[in-house]
There are 2 protein chains.
Amino acid sequence: MKTYHQQQLDAFGDVTRRALLERLRSGPLPVGELAEGLPVTRPAVSQHLRVLKHAQLVRDEARGTRRYYRLDPRGFASLRSYLDRFWDEALEAFKAKVEEK
Amino acid sequence: MKTYHQQQLDAFGDVTRRALLERLRSGPLPVGELAEGLPVTRPAVSQHLRVLKHAQLVRDEARGTRRYYRLDPRGFASLRSYLDRFWDEALEAFKAKVEEK
DNA sequence: ACTTACGGTAAGCTAATACTTACCGTTATC
DNA sequence: GATAACGGTAAGTATTAGCTTACCGTAAGT
């Protein structure tokens, strides 16, 4: 089993997925529009969106025949708290090292 | 050419590299010790360290025959500011959308 | 000086993952 | 109800990226 922040980091570890996320910053978009301009086909985009969805970085909502994707705050919050915790613990360890000398 | 935050996200997009970074939270370590316990060989670790170094997530320092690796604040700061900026812009866009209605 | 410890690099292999084509289901439109 | 638009899924291919083995250089110890 993979923790969420791991899934989020994996999801961010691909340029195409990052491009998708960047596009979604300006607001929700249907899959077709998301795929436009990208150097990959629409099905590829669908597959990336699935990964992003599992990582809770995007949410989707069907509207008629279109399916709108938007950024999901949950994934970003989780990712951020992981990085913060990570760095805090590193500083903690560093301080401890200094004092022990 | 790749921007730094892209390199950092790529670097974080691998479990072994994340494991290395987590080990380094408790302080600097030589390559041999870093490799111990991991399910991969030492050369593999060296290669991962190279990626992490280019992403400015670790620094290295030779001491005798050993080479100590430690976390590098630069990469983390850069990554954090990217994520913050990313999310800020998303909120900005969201606000603008609401007001325009 | 010889030997051992440490770790980087290259070449080649393997495994993971991104991508495409083909297909199908659903919703809307005529 | 037929057709078109939209998008998800499956199967197979291709590319990427991680891993190993082999090798070399440098620094320390004997």
Side-chain angles (χ1 to χ4, degrees), chain A residues 1-4 6-24 27-72, chain B residues 1-24 27-72 75:
Chain A
M1 201 212 105
K2 250 183 198 174
T3 63
Y4 273 110
Q6 279 174 334
Q7 288 189 55
Q8 285 136 21
L9 286 169
D10 283 339
F12 257 107
D14 176 87
V15 278
T16 309
R17 284 197 287 267
R18 288 201 288 269
L20 289 173
L21 291 173
E22 305 224 348
R23 284 206 163 199
L24 288 176
L29 282 176
V31 178
E33 277 191 57
L34 268 170
E36 242 169 73
L38 290 187
V40 297
T41 58
R42 189 194 44 73
V45 170
S46 268
Q47 289 162 21
H48 282 305
L49 287 171
R50 177 167 41 183
V51 174
L52 291 171
K53 187 177 170 182
H54 281 138
Q56 302 191 329
L57 287 167
V58 301
R59 294 193 329 107
D60 61 334
E61 179 192 356
R63 240 201 272 178
T65 165
R66 311 226 158 120
R67 185 161 279 267
Y68 282 84
Y69 281 85
R70 74 184 64 212
L71 298 180
D72 186 342
Chain B
M1 202 213 100
K2 249 182 200 175
T3 62
Y4 273 110
H5 72 258
Q6 279 174 336
Q7 289 188 57
Q8 284 136 22
L9 286 169
D10 282 338
F12 258 106
D14 176 86
V15 278
T16 309
R17 283 196 289 268
R18 288 199 289 270
L20 289 173
L21 291 173
E22 306 223 348
R23 286 209 161 196
L24 288 176
L29 283 176
V31 179
E33 278 193 55
L34 268 170
E36 240 169 74
L38 290 187
V40 297
T41 57
R42 188 195 44 73
V45 170
S46 269
Q47 289 161 22
H48 282 305
L49 287 171
R50 179 168 41 185
V51 173
L52 291 171
K53 187 177 171 183
H54 282 137
Q56 302 190 327
L57 287 167
V58 301
R59 294 191 329 105
D60 62 332
E61 178 192 355
R63 240 201 273 176
T65 164
R66 312 228 157 123
R67 185 160 281 266
Y68 283 83
Y69 281 85
R70 71 184 66 211
L71 297 181
D72 186 343

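Only a predicted model underlies this, so the values are computations on that prediction, with no experimental measurement involved. Just so you know, these numbers use all the heavy atoms, side chains as well, and skip hydrogens, waters and symmetry mates. Proteins get letters first, then strands, A, B, ... in listed order; numbering begins at 1 in each.
- When all heavy atoms are compared, the tightest approach of A/G13 to B/D10 is O-OD1, 3.6 Å.
- Rounded to a whole Å, the CG atom of A/L49 is 7 Å from the P atom of D/dG8.
- Rounding to whole angstrom units, CG of residue B/L34 and C1' of C/dG8 are separated by 14 Å.
- Between B/D60 and the choices B/R67, B/R50, B/R70, the side-chain hydrogen bond (donor to acceptor under 3.5 Å, both in side chains) rule is met once, by B/R67.
- Residue B/R50 has no polar side-chain atom (N or O) positioned under 4.0 Å from OP1 or OP2 of C/dG8.
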Would you give a per-nucleotide map of nucleotides 19-30 of chain D, 5' to 3', where B means the base has a protein non-hydrogen atom under 4.0 Å away, S means only the sugar-phosphate does, and - means neither?
BBBB----SS--
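- Atom CD of A/E61 is separated from atom C1' of D/dG7 by 15 Å (rounded to the nearest Å).
- Shortest non-hydrogen contact noted between A/Y69 and A/L49 is CE1-CD1, 3.6 Å.
- Counting non-hydrogen atoms under 4.0 angstrom, A/Y69 reaches the backbone sugars and phosphates but no base.
- Rounded to an integer number of Å, the gap from CG of B/L52 to C1' of C/dG7 is 16 Å.
- Closest of all the heavy-atom pairs between B/P30 and B/Y68 is CD-CE2, 3.5 Å.
- What separates CG of A/L20 from C1' of D/dG7 is a distance of 14 Å, to the nearest Å.
- The nearest whole Å value for the distance from the OH atom in A/Y68 to the P atom in D/dC6 is 10 Å.
- Of all heavy-atom pairs spanning B/H54 and B/Q7, the tightest one is O-OE1, 3.3 Å.
- Taking both residues in full, the closest heavy atoms of A/E33 and A/R23 are given as O-NH1, 3.0 Å, listed atom of the first, atom of the second, then distance.
- Distance B/R67 CZ to C/dT9 P: 9 Å, rounded to the nearest Å.
- To the nearest angstrom, C1' of D/dA17 lies 16 Å from NE2 of B/H54.
- Nearest heavy atom pair, residue B/L29 against residue B/L24, reads N-CD2, 4.0 Å.
- In this structure, B/R17 reaches the D/dG18 phosphate: one of its side-chain N or O atoms is under 4.0 Å from OP1 or OP2.
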